[in-house]
Amino acid sequence: QIYSVCPGLTLDCDVPEAEQHLYWGPVKESYTGYAVDEKARYAGSSGGGLSAILLHMLESGRADAVIQTTASEKDPIINASVLSKKSDEVIKAAGSRYAPAAPLANLLQTLEDYERVVVVGKPCDIAGLTNLLRTRPALEARVVLKLAFMCGGTPSQFGTHKILDQLDVRHEELTSFRYRGEGWPGNVQAQTKDGQLKTMSYPDSWGGILAHVVQPRCKICADATGAFSDLTFADAWYDDGGGMPSFDEQAGRSLILARTERGADILKSASSKETIRTEPLAIEEVSKMQPYHVLRKQLILSRLLALKLSLRPIPSYKNLRLGEAALKIHIKHNIKSFLGMMKRIVLGRA
């Protein structure tokens with residue numbers, strides 16, 4: 001069962017390739033938007049769009065509980081899976097957590113205790129959940145909504161310790177730690193027992209530190225955009241004037257992809273109840289907001305080829321259009337990516 005369910009081993013999108021966008025997977029509708037609740041918009045990493053849907057599901061009585069990730073009460077840099085059943089619990093858990101997380105750790109017990117559950121997770125979490133429900137159809141009706149966010153990969157815990165080192169903050173002195181949120185994109189915030197608040201910008205924390213310690217398995221992930229979810233959320237970055245995302249602090253804005261009829265219907269319901277405000281977005285605009293994910297998908301096949309030629313095991317990927325994506329980028333980039341993976345293999349980093 002592990003081999004059939006684990007998303008690190010098997011991904012098979014059940015939507016025909018012809019009905020999928022080359023980079024963004026199954027998409028019925030695309031939008032930008034933000035939470036109407038100012039607390040949710042401010043606390044969320046990208047406009048609070050995901051939090052707004054959770055608030056709608058609980059407040060409208062469509063869900064009994066939400067599985068999501070927040071900071072551990074025992075250690076603020078460690079992630080914990082929690083059940084949110086009230087609006088204030090959703091907002092408390094808002095904001096990205098760039099460290100290892102296991103939101104499905106108590107999944108089966110939760111589905112036994114509650115009849116209507118919303119699951120929030122990384123793309124791999126939602127893919128794994130989908131694989132599991134295919135083997136246990138009796139549980140499928142209890143998962144009333146699957147929400148994912150686009151993922152740049154999971155940094156190791158070492159990255160967080162490196163941030164603390166640069167901030168000159170001792171781990172044992174922390175009382176709270178935020179990776180993002182409270183603004184957009186929001187800063188790292190390290191609060192200490194003596195009342196100090198140390199901060200680091202998103203470009204410095206993610207671009208300068210965390211992106212360089214992403215776990216090796218993430219570098220061959222074929223679904224970093226949440227193709228198996230009902231709704232996927234991401235940062236709807238504005239253009240910096242030079243064709244790249246701007247990380248200037250401003251009011252948060254979410255990118256929202258409705259992938260299923262269920263997802264689209266719930267998004268419309270939340271909009272009609274004024275829980276979230278949305279504007280239609282041409283799917284072609286998504287690549288401008290998330291250019292990294294375009295490049296990522298274009299290079300996956302070259303990395304898999306390096307592993308295969310090195311007689312290493314590779315995941316089973318089906319119906320994800322990886323071959324077409326690889327042909328959309330110049331061969332020199334694929335060669336560079338191939339050689340980079342070969343170097344990691346030789347150095348024992350793969």
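Residues take their numbers from the sequence shown, with the count starting at 1. This is a predicted model, so every value here is computed, not measured.
Taking the side chain to side chain contact (heavy atoms under 4.5 Å, CB included) definition, one finds that E140 meets it with L133, sequence neighbours left out. D239 pairs by the side chain to side chain contact (heavy atoms under 4.5 Å, CB included) definition with nothing, not counting sequence neighbours.
Considering every non-hydrogen atom in both G186 and R180, the closest pair reads O-CG, 4.0 Å. In this structure, A141 and V144 approach most closely via the heavy-atom pair O-CG1, 4.0 Å. Taking all atoms of both residues into account, the shortest heavy-atom contact from G152 to V214 is O-CG2, 3.9 Å. Looking at every heavy atom in both residues, G252 comes nearest to Y34 through O-CB, 3.7 Å. In terms of heavy-atom proximity, L129 sits nearest to V143 at CD2-CG1, 4.1 Å. For R217 against P315, the heavy-atom pair with the smallest separation is NH2-CG, 3.6 Å.
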Verify side-chain hydrogen bond (donor to acceptor under 3.5 Å, both in side chains) between S337 and R303, making sure each step is shown before the conclusion.
CA-CA 6 Å; S337 173; R303 295 170 181 174; 3.3 Å; yes
Applying side-chain contact (heavy atoms from CB on, under 4.5 Å) to D235 and Q290, what does each step give before you reach the verdict?
CA-CA 8 Å; D235 291 287; Q290 293 289 337; 3.9 Å; yes
Residue pair I276, V36: steps toward the side-chain contact (heavy atoms from CB on, under 4.5 Å) verdict:
CA-CA 5 Å; I276 188 171; V36 173; 5.5 Å; no
Please determine whether side-chain contact (heavy atoms from CB on, under 4.5 Å) holds for the pair I335 and K332, giving the CA-CA distance in whole Å, both sets of side-chain angles, and the decisive distance to 0.1 Å.
CA-CA 5 Å; I335 292 174; K332 67 179 182 181; 5.5 Å; no
Candidate pair K288 and E285, rule salt bridge (charged side-chain N to carboxylate O under 4.0 Å, His left out), full reasoning
CA-CA 5 Å; K288 299 175 184 177; E285 295 297 308; 3.2 Å; yes
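Using a 3.5 Å distance cut-off with no hydrogens or angles, the side chains of E249 and Y202 do not pair a donor with an acceptor. Side chains of T70 and K92: a donor-acceptor N/O pair is absent below 3.5 angstrom, by distance only. S201 and D204 are linked by a side-chain donor-acceptor pair at a separation below 3.5 angstrom, with hydrogens and angles left out of the test. There is a side-chain donor-acceptor pair under 3.5 Å between T160 and Y179. Side-chain contact, D194 with Q196: a donor N or O sits under 3.5 Å from an acceptor N or O. Using modelled atom types, one finds no donor on one side chain facing an acceptor on the other under 3.5 Å when comparing Y23 with R321. N319 and D12 are linked by a side-chain donor-acceptor pair at a separation below 3.5 angstrom, with hydrogens and angles left out of the test. Side-chain atoms of E29 and Y31 form a donor-acceptor pair, as typed in the model, at a separation below 3.5 Å. A donor atom on one side chain and an acceptor atom on the other are not found under 3.5 Å apart for S272 and S269.
Enclosure of atom CD in Q215 by more than 12 non-hydrogen atoms of other residues, nucleotides or ligands within 6.0 angstrom is indicated. Taking a 6.0 Å sphere around NZ of K219, one finds it holds more than 12 heavy atoms contributed by other residues, nucleotides or ligands. The environment of R170 atom CZ is sparse: at most 12 non-hydrogen atoms of other residues, nucleotides or ligands sit within 6.0 angstrom. Crowding of E73 atom CD: a count of heavy atoms from other residues, nucleotides or ligands under 6.0 Å not exceeding 12. For E274, the CD atom counts as densely surrounded, since its 6.0 Å shell holds more than 12 non-hydrogen atoms of other residues, nucleotides or ligands.
Panel note: side chain T175, backbone Q191; a donor-acceptor pair is recorded below 3.5 Å. Q189 places no side-chain N or O within donor-acceptor distance of the main-chain N or O of L197, the cut-off being under 3.5 Å. Panel note: side chain D230, backbone L145; no donor-acceptor pair is recorded below 3.5 Å. Looking at Q20, its side chain does come within 3.5 Å of a backbone N or O of V15 through a donor-acceptor pair. Between the side chain of D37 and the main chain of A40, a donor-acceptor pair closer than 3.5 Å is present. The backbone N or O of A99 lies less than 3.5 Å from a partner atom in the side chain of N79, making a donor-acceptor pair. A donor-acceptor pair under 3.5 Å links the side-chain atoms of S302 to the main chain of L299, judged by distance alone. Checked by atom type and distance alone, the side chain of R259 pairs as donor or acceptor with a backbone atom of G226 at under 3.5 Å. Checking side-chain atoms of S246 against main-chain N and O of D240 turns up no donor-acceptor pair under 3.5 Å. Between the side chain of R134 and the main chain of V5, no donor-acceptor pair closer than 3.5 Å is present.
In this structure, V286 and L281 have side chains that are in contact, with non-hydrogen atoms separated by less than 4.5 Å. Contact annotation: the side chain of K146 never approaches that of T260 to less than 4.5 Å [non-hydrogen atoms, C-beta and beyond]. No side-chain heavy atom of S30 sits under 4.5 Å from any side-chain heavy atom of P280. With contacts defined as side-chain heavy-atom distances shorter than 4.5 Å, the pair K318/S316 qualifies. Considering only heavy atoms from C-beta on, K268 stays 4.5 Å or farther from K273 through its side chain. Taking 4.5 Å as the limit, some side-chain heavy atom of L257 sits within range of a side-chain heavy atom of M150. Residues L147 and V119 have side chains not in contact (no heavy-atom distance under 4.5 Å, counting atoms from C-beta outward). Residues I163 and F177 meet the side-chain proximity criterion, which asks for heavy atoms closer than 4.5 Å.
Here L54 contributes atom CG and S87 contributes atom OG; the two are 10.0 Å apart, rounded to the nearest 0.5 Å. Here the CG atom belonging to D223 is positioned 12.5 Å from the NZ atom belonging to K122, to the nearest 0.5 angstrom. If you take NZ on K308 and CE on M341, they are separated by 14.5 Å, rounding to the nearest 0.5 Å. Rounding to the nearest 0.5 Å gives a distance of 9.0 Å between OG1 of T232 and CG of L255. The structure places NZ of K162 at 10.0 Å from OG of S156, a figure rounded to the nearest 0.5 Å. Distance check: S205 OG to L210 CG gives 5.5 Å after rounding to the nearest 0.5 Å.
Under the 30°/60° scheme for interplanar angles, the aromatic rings of H171 and H161 are found to stand perpendicular. Using the six-membered ring where Trp is involved, W184 and W237 have ring planes that are parallel, under 30° apart on the 30 and 60° scheme.
Each of M57, E59, Q68 was evaluated against V90; a single residue qualifies, Q68, per the side chain to side chain contact (heavy atoms under 4.5 Å, CB included) test.
Following chains of ILVMFWY side-chain contacts shorter than 4.5 Å, one cannot reach V118 starting from I67, and the two form parts of different hydrophobic clusters.
Pairs engaging residues 321-350 under the ring pair (Phe, Tyr, Trp, His ring centres under 6.0 Å) rule: none recorded [sequence neighbours left out].
For the pair R142 and Y114, the cation does not sit on the ring face, since its NZ or CZ is not both under 6.0 Å from the ring centre and inside 45° of the axis.
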